[in-house]
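In what follows, every chain begins at residue 1, and chains take the letters A, B, ... in the order their sequences are listed. Worth knowing before you read on, the calculation uses all heavy atoms, side chains too, and leaves out hydrogens, waters and symmetry mates. Quick caveat, the model's predicted, so the values are computed rather than measured.
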Amino acid sequence: MGSSSSSMDHIPNAEELMQETGFSAAHLLRLYERFEFLDKDQTGELRPEDFGAIGGLALNPIGDRIISAFFSPGQETVDFPSFVRVLAHFRPNGTNRTRNGTQQEPVNSRTRKLKFAFQLYDQDRDGKISRAELLQVLRAMLGIQVTEEQLQSIAERAIQEADLDRDDAISFDEFKKVQQVSPHPQTPTKETPLHPTEGGR
Amino acid sequence: MRLCLKPLELVSLMRLSVVSLWFFIWRADCSLNILSLGVGGIIAKEPPSSLQQEMQELRGSAGCLRSEPEFEMADIFYFCRRGVESIVDDEVTKCFSAQELESWNLLTRSNYNFRHISLRVTVLWGFGVLVRYGVLLPLRVTLAVTGISLLLVLTTLVGFLPNRELRSFLSEKVHLMCYRICVRALTAIITYHNRENKPQNGGICVANHTTPIDVIILANDGCYSLVGQAHGGLMGMIQRAMVKSSPHIWFERSEVKDRHLVAKRLGDHVADKTKQPILIFPEGTCINNTSVMMFKKGSFEIACTVYPVAIKYDPRFGDAFWNSSKFGMVNYLLRMMSSWAIVCSVWYLPPMNREEGEDAVQFANRVKAAIAAQGGLVDLIWDGGLKRTKVKDAFKEEQQKLYSQVLVGEQDQEDQSGDRQLEEENPEGDRNNQDSSKGQ
């Protein structure tokens, strides 16, 4: 389709980006237009405020976390290649095109997706989700709808279930395991052995 | 022109099918693709399911269903996906940019995805430019100038007449004539449907708003009293002239904020059955004619009959949407006059009244739904004011509430406080209570 070739020139390193992220030319163009649209003052880079202007994101409870996922630590702006690389994580799995000679894992593999979600929890990037970080996310997702005690107990259970090496934090491997195993028996769990009011309410 | 458009249509069809294939592959995949989404929203996203439904899908695919819904680490995926979806494309910002066409209509301004196709098309386009700017534009500008000056002069003259009946009769004729000239000036081809439902005296006419030209289009077929802010300059002159012969409602800038004053003046006007129906655009701002945004409730609080009108423009001949952040008024009018034509349909809907036990907001939503259904527009909950301001926190709380209902279950406050007491007494058993209370 000759129609898109002229505008691809606006995009720096389009070929490399396509290789790296697996997006087609049409999708890259689409994303570029979206990037330009979000970039209200035409600086060629996006700032957190540009993301904040999106309505659907502003009402998302973890909206600001998603925004900060686009920015590398210490950086205040996002350029188009970084923007596309982050979005590349979300490409559907089934459509990877085979590339000759690349041994590395595709950007949108399951592990990369899980890593992205993990980093939404782990804001200080120390590789572990601490109890405090988990509480922060829960508070963001639930707001004022639950009490502090309920929040604490939810966090407590989540850590109990996932934390296998008992270091009171969830590492990335533990996080992955939680997603893989079908881990939820319907019978009473180990925390609730013999309480008389258990079940049958 | 038909022959040339066919290859373009083919191209866009191919593109559409590629993107829709993308979506189908995504849907066919299972839980792994919770974190995947289709890029390139040329077509609409999959039908929006509620938060509860999506959570069920998430949990169901992760393993056997739990009898007691609880927090899972994977719950964040839902919010993550929604967030990134809105980064890639979102409903609100789409409403404030011009609608995209499936195939090109030979106007450069509509040229989003279609770059150089072939020499033949370019030549046609060149010819089109000549015709539009060389022939159509001068004719139209002349007509427009004639129309506006006639409006000014004649309404002032009619205003001098002492006899009230004669004055209103003549002013009706004068207004209609001038608006017809203006309509010709824009080459607006209007189809009116269901004229039997035309607004009557003593009512309020509400319509969806796309452009200031909406006023001319509606006023071409009947006489309305307009409501608006008093401007200065040429607009102000026109406003003052119009008021002399028929009762329009212009507010000073300071008065606009005073809701009671506004409501009172509108109410007074409506109560007088000899006065024309008022024309109001409840969205408050121009939307791009693909959807209808939230109606402000002010005009629905007045106790009278509401006559809804749906206006739908055909984008193939010229995009009528006024993007006020991009174009000023004069620029916009020039663009309008150098398009091929403005083709639109106007549907007069049957009159509606506020029912017993319905408040203004519900009534407004009912009217909005009727207009959206008739015009084939998408009915959105968003406030048109989002063009300029940010989303209110209330929406975020709504999301949090929905999610907490999935976790904690829909319970009365008594239950929750009861549980809290038990928790304090029995710290070991508090998790048990959480389990049992979350179960139902």
Side-chain angles (χ1 to χ4, degrees), chain A residues 1-4 6-7 23 26-27 30-31 34 37 51 54-63 66 87 89-95 108 110 113 116-117 120-121 137-138 141-143 145-147 149-150 153-154 157-158 162 175 178-179 181-184 186 191-192 195 197-199 201, chain B residues 11 15 22 25-26 29 32-33 35-40 62-64 66-67 70-71 73-77 79-80 82-93 113-117 382 386 390-391 395-397 399-401 403-404 408 420 423 429-436 439-440:
Chain A
M1 288 189 294
S3 54
S4 46
S6 53
S7 44
F23 281 127
H27 290 121
R30 197 82 197 178
L31 287 175
R34 180 68 175 165
F37 174 80
F51 284 101
I54 303 172
L57 203 56
L59 67 73
N60 195 309
I62 52 165
I66 297 175
L87 287 179
H89 291 306
F90 290 83
R91 264 201 325 115
N93 286 51
T95 55
N108 64 336
R110 189 167 196 278
K113 287 179 162 98
F116 186 87
L120 286 179
Y121 283 104
V137 174
L138 282 170
M141 291 205 284
L142 291 165
Q145 307 295 328
V146 296
T147 64
E149 294 97 2
Q150 285 172 311
S153 62
I154 294 173
R157 179 193 284 102
F175 183 74
V178 169
Q179 310 309 326
V181 179
S182 67
H184 313 296
Q186 292 184 14
E191 300 106 325
T192 64
H195 201 279
T197 65
E198 161 64 24
R201 222 179 78 135
Chain B
V11 156
R15 223 183 248 175
W22 186 274
I25 292 175
W26 170 54
D29 230 29
L32 291 182
N33 279 335
L35 284 187
S36 310
L37 49 93
V39 165
C64 54
R66 306 188 64 141
S67 57
E70 287 188 2
F71 170 70
M73 304 289 287
D75 286 347
I76 204 175
F77 293 172
F79 290 112
C80 181
R82 294 304 286 261
V84 179
E85 268 176 3
S86 56
I87 291 180
V88 175
D89 205 359
D90 74 303
E91 289 178 325
V92 174
T93 39
N113 287 325
F114 306 101
R115 315 296 162 171
H116 178 78
I117 307 285
W382 298 100
L386 284 177
K390 291 193 136 184
V391 175
F395 286 108
K396 198 189 252 192
E397 278 175 26
Q399 292 282 303
Q400 288 168 338
K401 207 168 172 182
Y403 179 57
S404 69
V408 177
R420 252 177 266 143
E423 282 165 17
D430 65 355
R431 272 181 239 119
N432 313 334
N433 292 326
Q434 288 283 351
D435 276 341
S436 44
Q440 276 72 35

Which heavy atom in A:Met141 sits nearest to a heavy atom in B:Phe79, and how many Å separate them? SD-CD1, 3.3 Å
Say you draw a straight line from CG of A:Leu120 to CZ of B:Phe77; how long is it, rounded to the nearest 0.5 Å? 9.5 Å
Below 4.5 Å, heavy atoms only, C-beta onward: do B:Cys80 and A:Phe116 meet side chain to side chain? yes
Identified side chain to side chain contact (heavy atoms under 4.5 Å, CB included) partner of B:Ser86 from the options A:Ile66, A:Leu59, A:Ile54, A:Asn60: A:Ile54
